[in-house]
Amino acid sequence: MEKNVSKLLNAQINAEFYSAYLYLDFANYYESKGLEGFANWYELQAREEQDHAMLMYHFMHNNGEKVTLEQVDKPDKVFNSLMDPLTAGLEHEKYVTSLIHEIYAAAQGVNDFRTLQFLDWFVKEQGEEEKNASDLITKMELFGSDPKGLYMLDNELKSRVYSAPSLVL
């Protein structure tokens with residue numbers, strides 16, 4: 001694997017772990033507001049991000065690359081409304097998409113077809129992540145200002161269950 005591609009993948013592992021921390025912080029915020037469904041949604045998002053990191057971790061090892069784990073930064077977002085984590089989540093997913101695209105472009109530039117094939121799943125996944133984040137914002141805009149609507153939305157989010165990604169390395 002070309003050095004820059006390896007470096008970017010390694011950095012992405014750490015970025016995925018940061019995403020997990022960030023989403024746990026969102027869950028923590030919603031838990032403190034009594035919104036267990038929103039907390040559940042973000043707890044599961046955190047698990048998903050950890051799995052993304054582990055997929056990359058195993059991909060690197062399976063390709064003879066060394067993984068260096070860096071310190072995971074503490075999330076620093078301040079929330080003043082129930083909408084704040086949702087908008088921060090969409091912003092963050094767009095940022096992660098840009099990181100995946102950067103790795104993809106680097107791999108494409110050196111004809112690293114194995115990495116490109118691996119990253120295809122992440123490109124698709126990021127599209128889904130951005131849509132999910134955007135849909136949550138839309139639902140909150142529609143129902144969040146009405147206590148009954150917020151209650152129903154929270155219950156909808158409480159029913160989400162975790163499904164681990166199935167990506168063959």
Side-chain angles (χ1 to χ4, degrees), residues 1-31 37-77 79 84-137 157-169:
M1 184 179 296
E2 192 267 337
K3 235 178 220 211
N4 188 48
V5 173
S6 178
K7 178 182 146 204
L8 290 170
L9 278 168
N10 198 85
Q12 189 62 33
I13 291 169
N14 290 292
E16 297 291 339
F17 281 125
Y18 172 77
S19 295
Y21 263 40
L22 181 66
Y23 291 147
L24 279 177
D25 195 42
F26 291 5
N28 191 39
Y29 171 77
Y30 284 122
E31 194 71 45
F38 282 83
N40 175 63
W41 203 89
Y42 279 111
E43 286 171 16
L44 297 182
Q45 279 300 111
R47 285 183 62 193
E48 193 173 294
E49 301 303 340
Q50 291 171 332
D51 281 348
H52 293 171
M54 293 308 296
L55 287 169
M56 291 182 183
Y57 172 89
H58 288 293
F59 179 77
M60 294 282 287
H61 280 288
N62 290 344
N63 286 280
E65 294 297 313
K66 182 177 187 244
V67 173
T68 303
L69 299 175
E70 302 293 342
Q71 179 176 331
V72 178
D73 292 336
K74 179 182 176 184
D76 62 355
K77 300 286 184 194
F79 308 122
D84 286 352
L86 303 180
T87 56
L90 177 57
E91 176 187 308
H92 183 73
E93 288 300 340
K94 288 179 178 181
Y95 171 68
V96 172
T97 297
S98 75
L99 296 176
I100 297 294
H101 288 177
E102 182 181 357
I103 303 166
Y104 199 96
Q108 193 171 42
V110 295
N111 295 325
D112 183 346
F113 301 112
R114 184 179 300 145
T115 300
L116 290 172
Q117 185 178 26
F118 172 72
L119 290 173
D120 281 341
W121 183 86
F122 286 94
V123 170
K124 181 179 179 230
E125 175 70 7
Q126 281 309 120
E128 292 171 8
E129 296 287 10
E130 286 185 29
K131 180 171 181 355
N132 288 339
S134 180
D135 287 352
L136 270 178
I137 290 170
L157 297 177
K158 196 181 294 183
S159 69
R160 181 183 183 202
V161 295
Y162 182 71
S163 179
S166 58
L167 177 63
V168 177
L169 305 176

CA sep, side-chain torsions, deciding dist, call: F118, M56, side chain to side chain contact (heavy atoms under 4.5 Å, CB included): CA-CA 9 Å; F118 172 72; M56 291 182 183; 4.0 Å; yes
Distance, nearest 0.5 Å, that separates CD1 of I13 from OG1 of T68: 9.0 Å
Nearest-0.5 Å distance, CG of residue D112 to CG of residue N4: 11.0 Å
Nearest heavy-atom neighbours spanning Q12 and V96: NE2-CG1, 3.8 Å
Derivation and outcome, side chain to side chain contact (heavy atoms under 4.5 Å, CB included), residues L157 and L136: CA-CA 10 Å; L157 297 177; L136 270 178; 3.7 Å; yes
Check: N28 side chain, L24 main-chain N or O, donor-acceptor pair, under 3.5 Å: no
K94, NZ: over 12 other non-hydrogen atoms inside 6.0 angstrom: no
Distance (rounded to the nearest 0.5 Å) between R47 CZ and S163 OG: 10.0 Å
side-chain hydrogen bond (donor to acceptor under 3.5 Å, both in side chains) against Y57, all qualifying residues, sequence neighbours excluded: none
Where S19 and H92 come nearest, the two heavy atoms and their spacing: OG-NE2, 2.6 Å
Min side-chain heavy-atom separation L90-L86 under 4.5 Å: no
For E93, salt bridge (charged side-chain N to carboxylate O under 4.0 Å, His left out) partners two or more places apart: none
Rounded distance [0.5 Å steps], CD in E102 versus OG1 in T97: 13.0 Å
For T115 against A107, the heavy-atom pair lying closest together: CG2-CB, 4.0 Å
Summary of salt bridge (Lys or Arg N to Asp or Glu O under 4.0 Å) pairs that have at least one residue in residues 122-135, sequence neighbours excluded: K124-E128, K131-D135
Close side-chain approach of Q45 and R160, heavy atoms under 4.5 Å: yes
Heavy-atom side-chain proximity of M54 to Q50 below 4.5 angstrom: no
Side-chain heavy atoms of L99 within contact of F122, under 4.5 Å: no
Donor-acceptor side-chain pairing of Y104 and D120 below 3.5 angstrom: yes
Heavy-atom pair of closest approach, residues L44 and V161: CD1-C, 3.6 Å
F26/F79 aromatic ring centres below 6.0 Å: yes
Test item: L119 and F59 side chains (from C-beta on) under 4.5 Å apart, heavy atoms: no
Atom pair OH (Y42) and CG (L22), whose distance is rounded to the nearest 0.5 Å: 8.5 Å
Aromatic ring pairing H52/W121, orientation class (parallel under 30°, perpendicular over 60°, tilted between): perpendicular
Nearest heavy atoms of K66 and M60, plus distance in Å: O-CE, 3.8 Å
side-chain hydrogen bond (donor to acceptor under 3.5 Å, both in side chains) partners for R114, two or more places apart: N63
Within residues 2-12 or reaching into it, pairs that qualify as salt bridge (Lys or Arg N to Asp or Glu O under 4.0 Å) - sequence neighbours excluded: none
L9 vs M1 side-chain heavy atoms within contact, under 4.5 Å: yes
Partner residues of Q71 under the side chain to side chain contact (heavy atoms under 4.5 Å, CB included) criterion, sequence neighbours left out: none
Nearest heavy atoms of Y23 and G89, plus distance in Å: OH-O, 3.7 Å
